[in-house]
Amino acid sequence: DTGVSQNPRHKITKRGQNVTFRCDPISEHNRLYWYRQTLGQGPEFLTYFQNEAQLEKSRLLSDRFSAERPKGSFSTLEIQRTEQGDSAMYLCASSLVAHYEQYFGPGTRLTVT
Amino acid sequence: AQRVTQPEKLLSVFKGAPVELKCNYSYSGSPELFWYVQYSRQRLQLLLRHISRESIKGFTADLNKGETSFHLKKPFAQEEDSAMYYCALRRRETSGSRLTFGEGTQLTVNP
């Protein structure tokens, strides 16, 4: 499968714990996006990278959230001191520079108990 | 700031009936509009974009700047069209920028 992959697919954690998700984009794609989707809502933009540079961050991305793409390939999204409100599906997408289509991964479903 | 509204969370039609999924947007600049679809147990994927003006799987959508709408239409719905549909907007001024999604419409096509 040469599509976008995300790991883990599911994560259950206790409030206050830190979690990290990984996204592997389509290999030749320089842009990588993170979105969050809560129940009954559409995906909401969190941040995006072009190669290793983080070019845009949403106000949704509080200081507990950090994303990296150190070598311009895979990306990680870390949430520190998780809260119940962080429970959501975290989606990753990738695209070529200046191309309109974003290709989505299957998502990581986070449940904070 | 841009915003996308899909007024119907649920839409149910019978096979062979016409279907229209509504999408309205607000954005003061020049928008690029898309429809994304998510079939059961599959990932979100692009269905069509307004610039290409093409028909995909029998679906069409026309951008109406006067009414700030981008409704998705199909003259004869099929059972395999049952899915969640999201309207999305991107600012044309900044290529590769974020997508702003609506809340989605769950379409069910009954036999």
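Only a predicted model underlies this, so the values are computations on that prediction, with no experimental measurement involved. Numbers restart at 1 for each chain; the letters A, B, ... are given by sequence-line order, proteins then strands.
For the pair A:R69 and A:F74, the NZ or CZ position fails the cation-pi test of under 6.0 Å to the six-membered ring centre and within 45 degrees of the ring normal.
The two atoms that bring A:L60 and A:E44 nearest to each other are CD1-CB, 3.7 Å, heavy atoms only.
Contacts of A:Q37 with chain B are made by side-chain atoms alone, with heavy-atom separations under 4.5 Å and no backbone atom involved. If you measure heavy-atom distances from A:Y103 to chain B, you find no contacts under 4.5 Å at all. Contacts between B:E32 and chain A at a heavy-atom distance below 4.5 Å involve the side chain alone, from C-beta outward.
Each of A:F104, A:Y100, A:Y35 was scored for a ring-ring contact (aromatic ring centres under 6.0 Å, His included) with B:Y36, with one residue passing: A:F104.
The pair A:E52-A:K71 does not count as a salt bridge, with every side-chain nitrogen at least 4.0 angstrom from each carboxylate oxygen.
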